[in-house]
*Asks:* 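I have a structure I would like to understand better, so I am pasting it below and will then ask my questions one at a time.
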Amino acid sequence: MRYFLMLIGVAALIAFDLWILKQAGEAPPVPAPSTPWGGLIAASGGVVAVRSGGAVVGSSETTGRLGLATGVLPAKAAAPAPVAERADRKAVVQLPDAIAGEYIFGFHDRNDIEAFERAARPLGWEVAGRLDFANAVRVRRSGGGSSLEELLSAIPTPVEQSPNFYVRNPAPPPTDREDLSGRPGFGRAVLEWLGVPADNREWGSGVMVAILDTPVGPHPALEETIINRLGEPGGGADDRTFLHGTAVACLIAASGRGIRGVAPSATILSVPVLDESGRGDAFTLAEGIIRAVQAGARVVNMSVGTHGDTWLLRRAVEYAVRNGVALVAAAGNDGEERLLYPAAYAGVMAVGAADAAGRRLPFSNRGQGLSMVAPGWRVLTAGSQGELAEMSGTSASCALTSGAIAALLSRNPSMDASEAAAILERYCDDTCRMGPDEETGCGTINIGRAMNRDLAGVYDAAVCVPYLWPRRAPEDDVVVTLYAQNRGTEVIPHLLMKIMIGAREESLDYYDVKVGASVGRDFHIAVSEARRPDGVPIVVEAVIDGQSDVQPSDNVLRTAVRLRPE
């Protein structure tokens, strides 16, 4: 099913034709799909990934971004730290997502906190929240309050300080973009695409997955799911139903109403961090992470994000990682070359969105530190009034990945959470550029490969979706990377790639191809050939010499490259 859907996606686009048409502004408009989600969740789609850069030649082994030997999550590249709001109220520099007049201070001890409270009230500042962790205080300037500069001069010097930022579910992907037409969705087939067997009822057993989102409400698909609920951090219990958190929970652990989650036996811990409008803040999210860890969660799903970096949220992430908890966060739906926080922090699995052809969706954020991409286009999950609906975006991708980690941990109870994350990355299916890249991380998630990694004697050579390099000038050749990946469990002694590009035929021989490694190279196609009415047909076949391939359906790919005549 996975490879079948991928082939449909490639055929629907006539390989790279849509990309080329889009460059010329000729792509047909896409009608907005109907959805019961309103502004909360909307359907969307993807486009052939396009990147700049040099040629890809040779092989690339997808070993993942996490070291399996040590189980240590590496540091991501540091994102630009936010510039503090100016103390002079006459010219305030407002940062993206910054909450006007709100800050998070960290003090040396409780004595300093009490001294701060005594000094702050007369100056028109109030304490909106306290957290024993890191002696953190959320402060808010009331109307007519003094400037930040005046406040800081009157209180014990904070050890840490930063603005507080709004946290939201990633913005619903736009549905009226030209580059969404023809994108294959998942619907009910998402688990089969992920390699999840028909009987996965025991997956997730003994593993608690915390959902930091809107509250998880009742739904027929969750009737058999164990759900524990924490009250809103810093407040009382809140049992109001909000669709986003419920939809996320269904993707992880649903077991009724005709749909299943990845880990149906997992216990869900609902930790509300967003209010009735779907908005929260970094202080509350950090508090939610700490409370989830203290409650025994082994996986924390955060289909939420912010554009602001705060010291407290970063410290909460570090606390969870030290305690062996897997953190999974949505990369964001802004289509930007940066990740939202907390996805951008070291130790967090940052998940982007892909369509059923395995391509990154155009709205999915990308950048250094992206771990992988997962289904994020028209995935069936919980809808309003007990119905089902389609969900699109990195929120869905994040939830499916959290379910995959819960499944791995349930089968291997002694496994460290970081090791489970590393295994998922190592057994991704290569896509976009050959090897890890900033568009798709380690590739598209393949839970079946990760769960069956210890099954001996599996030989599987898969032809990957070709990668088209962007052309810098109209007269430039079309450059396409054709490659295959070892998706089995054994080293392939001899892998033969048979390639036909138009009338040209080539054979490439690769030896001792390691598990997860990709092999192939770039091919140039003259512009004059690509502008022929039928384009340039391409056929790629991967053959394992001397072994039987367990999945011959992914051994051959047929497509074409065509440019519109000028």
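Note that the structure is a prediction, hence the values are computed from the model and not measured. Start at 1 with the first residue, then count along the sequence.
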*Asks:* Between M302 and P342, is there a side-chain heavy-atom distance shorter than 4.5 Å?
*Replies:*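 A side-chain contact under 4.5 Å exists here.
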*Asks:* Any pair with a residue in residues 117-128 that passes salt bridge (Lys or Arg N to Asp or Glu O under 4.0 Å), sequence neighbours left out, goes on the list, sorted by first then second residue, please.
*Replies:*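 Listed once each, the pairs are E117-R130, E126-R140.
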*Asks:* Hey, could you give me the CZ/CZ distance between F107 and F116, rounded to the nearest 0.5 Å?
*Replies:*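 Those atoms lie 5.0 Å apart.
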*Asks:* Checking T381 side chain against A247 main chain: does a donor-acceptor pair fall under 3.5 Å?
*Replies:*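 Here the side-chain-to-backbone pair exists.
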*Asks:* Kindly indicate, with the supporting measurements, whether the criterion side chain to side chain contact (heavy atoms under 4.5 Å, CB included) is fulfilled by R110 and D132.
*Replies:* CA-CA 8 Å; R110 291 190 179 183; D132 290 340; 3.3 Å; yes
*Asks:* Would you call R378-D355 a salt bridge at under 4.0 Å N-O?
*Replies:*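 Here R378 does not pair with D355 in a salt bridge, since their nearest N and O are not under 4.0 Å apart.
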*Asks:* Output yes when a side-chain donor or acceptor of S397 lies under 3.5 Å from a complementary backbone atom of P375, and no otherwise.
*Replies:*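 Yes; at least one donor-acceptor contact below 3.5 Å.
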*Asks:* Tell me if a side-chain donor or acceptor on S364 pairs with a main-chain N or O of A353 at a distance below 3.5 Å.
*Replies:*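 It does hold such a pair.
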*Asks:* Between W193 and F186, how do the two ring planes meet: parallel, tilted or perpendicular, split at 30° and 60°?
*Replies:*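 Answer is perpendicular, since the angle exceeds 60°.
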*Asks:* Is a donor on one side and an acceptor on the other found under 3.5 Å between the side chain of N200 and the backbone of V262?
*Replies:*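 Answer holds: yes.
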*Asks:* Would you call D213 and L274 a side-chain contact if the rule is heavy atoms closer than 4.5 Å?
*Replies:*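 They are in side-chain contact.
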*Asks:* If you take all heavy atoms of A330 and A343, which pair is closest and at what distance?
*Replies:*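 In this case the closest contact between A330 and A343 is O-CB, 3.4 Å.
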*Asks:* Compare every heavy atom of V167 with every heavy atom of A282, then report the nearest pair and how far apart it is.
*Replies:*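 Answer, listing the atom of A282 first, then V167: N-CG2, 3.5 Å.
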*Asks:* Distance check, rounded to the nearest 0.5 Å: L194 atom CG versus N446 atom CG?
*Replies:*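 Here the interatomic distance stands at 7.5 Å.
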*Asks:* Mark yes or no for whether T225, through its side chain, and A253, through its backbone, hold a donor-acceptor pair below 3.5 Å.
*Replies:*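 Present.
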*Asks:* Without swapping roles, check the side chain of T440 against the backbone of V373 for a donor-acceptor pair under 3.5 Å.
*Replies:*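 Between the backbone of V373 and the side chain of T440 there is no qualifying donor-acceptor contact (under 3.5 Å).
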*Asks:* First locate atom CG of L408, then atom CE of M451, and finally report the distance between them rounded to the nearest 0.5 Å.
*Replies:*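 Here the interatomic distance stands at 5.5 Å.
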*Asks:* For T246 and G217, work out which heavy atoms get closest and say how close.
*Replies:*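 Shortest heavy-atom contact: OG1-N, 2.9 Å.
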*Asks:* Less than 4.5 Å apart, side chain to side chain, heavy atoms only: is that true for F283 and L131?
*Replies:*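 Yes - at least one pair of side-chain heavy atoms lies under 4.5 Å apart.
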*Asks:* If only atom types and distance count, is the side chain of S205 paired as donor or acceptor with the main-chain N or O of S265 below 3.5 Å?
*Replies:*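 Looks like no, no N/O pair under 3.5 Å.
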*Asks:* Would the distance check show the side chain of S410 and the main-chain N or O of V207 forming a donor-acceptor pair, the cut-off being under 3.5 Å?
*Replies:*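 Such a contact is absent between S410 side chain and V207 backbone.
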*Asks:* Quick one: closest heavy-atom pair of V299 and V325, and the distance?
*Replies:*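 Heavy atoms only, the tightest pair is N-CG1, 4.2 Å.
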*Asks:* Would you check if R338 and H307 make a side-chain contact, meaning some heavy-atom pair closer than 4.5 Å?
*Replies:*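 Sidechains of H307 and R338: in contact.
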*Asks:* Can you confirm whether the side chains of D429 and T431 place a donor and an acceptor under 3.5 Å from each other?
*Replies:*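 T431 and D429 do not have a side-chain donor-acceptor pair below 3.5 Å.
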*Asks:* E419 and N412: side chain to side chain contact (heavy atoms under 4.5 Å, CB included), yes or no, with the steps?
*Replies:* CA-CA 11 Å; E419 184 180 0; N412 307 274; over 6 Å; no
*Asks:* Report yes if the side chains of Q294 and Y319 come closer than 4.5 Å at any heavy-atom pair, otherwise no.
*Replies:*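 Yes, their side chains come closer than 4.5 Å.
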*Asks:* Between Y341 and V317, is any pair of side-chain heavy atoms under 4.5 Å apart?
*Replies:*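 No, side chains not in contact.
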*Asks:* Is it true that D437 and R366 have a side-chain N and a carboxylate O under 4.0 angstrom from each other?
*Replies:*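 Salt bridge between D437 and R366, a charged N being under 4.0 Å from a carboxylate O: no.
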*Asks:* Contact between C250 and L222 at the side-chain level, heavy atoms closer than 4.5 Å - yes or no?
*Replies:*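 Yes. Closest side-chain heavy atoms under 4.5 Å.
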*Asks:* Looking at CG of L230 and CG of L269, how far apart are the two atoms once the value is rounded to the nearest 0.5 Å?
*Replies:*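 If we round to the nearest 0.5 Å, L230:CG and L269:CG are 4.5 Å apart.
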*Asks:* Apply salt bridge (Lys or Arg N to Asp or Glu O under 4.0 Å) to R453 and list each qualifying residue two or more places apart in sequence or on a separate chain.
*Replies:*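 Result, salt bridge (Lys or Arg N to Asp or Glu O under 4.0 Å) vs R453: none returned.
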*Asks:* One pair to check against side chain to side chain donor-acceptor pair (under 3.5 Å): N135 and D109. What are the steps and the verdict?
*Replies:* CA-CA 6 Å; N135 293 311; D109 54 27; over 6 Å; no
*Asks:* Using modelled atom types only, decide if a donor and an acceptor are shared between the side chain of N365 and the backbone of G335 within a distance under 3.5 Å.
*Replies:*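 Judged by distance alone, yes, a pair lies under 3.5 Å.
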*Asks:* In Å, rounded to the nearest 0.5 Å, how long is the span from CG of D97 to OG1 of T306?
*Replies:*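 Going from CG on D97 over to OG1 on T306, the span is 4.0 Å.
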*Asks:* Rounded to the nearest 0.5 Å, what separates atom CD1 in I211 from atom CZ in R229?
*Replies:*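 Interatomic distance, I211 CD1 to R229 CZ, rounded to 0.5 Å: 10.0 Å.
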*Asks:* Taking S142 for the side chain and G145 for the main chain, is one N or O donor matched with an acceptor at less than 3.5 Å?
*Replies:*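 Not at all, since once roles are kept as given, no pair shorter than 3.5 Å links the two residues.
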*Asks:* Taking the side chain as C-beta and beyond, is there a heavy-atom pair between V196 and W203 under 4.5 Å?
*Replies:*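 A side-chain contact exists here, since the closest heavy-atom pair is under 4.5 Å.
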*Asks:* Test side chain to side chain contact (heavy atoms under 4.5 Å, CB included) on H244 and M391 and set out the steps.
*Replies:* CA-CA 9 Å; H244 197 275; M391 183 180 190; 3.7 Å; yes
*Asks:* Provide the closest heavy-atom pair for A286 versus A316 in the form atom of the first, atom of the second, distance.
*Replies:*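 Distance-wise, the nearest heavy atoms are O-CB, 3.7 Å.
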*Asks:* Let me know which of I104, T310, L152, L312 forms a side-chain contact (heavy atoms from CB on, under 4.5 Å) with Q161.
*Replies:*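 The option that passes is L152.
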*Asks:* Does the side chain to side chain contact (heavy atoms under 4.5 Å, CB included) test come out yes or no for L340 and D334, once each step is laid out?
*Replies:* CA-CA 9 Å; L340 294 179; D334 307 305; 3.6 Å; yes
*Asks:* For the residue pair I252 and A399, what are the closest heavy atoms and their distance?
*Replies:*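 Scanning both residues completely, I find the closest heavy atoms to be CG1-O, 3.3 Å.
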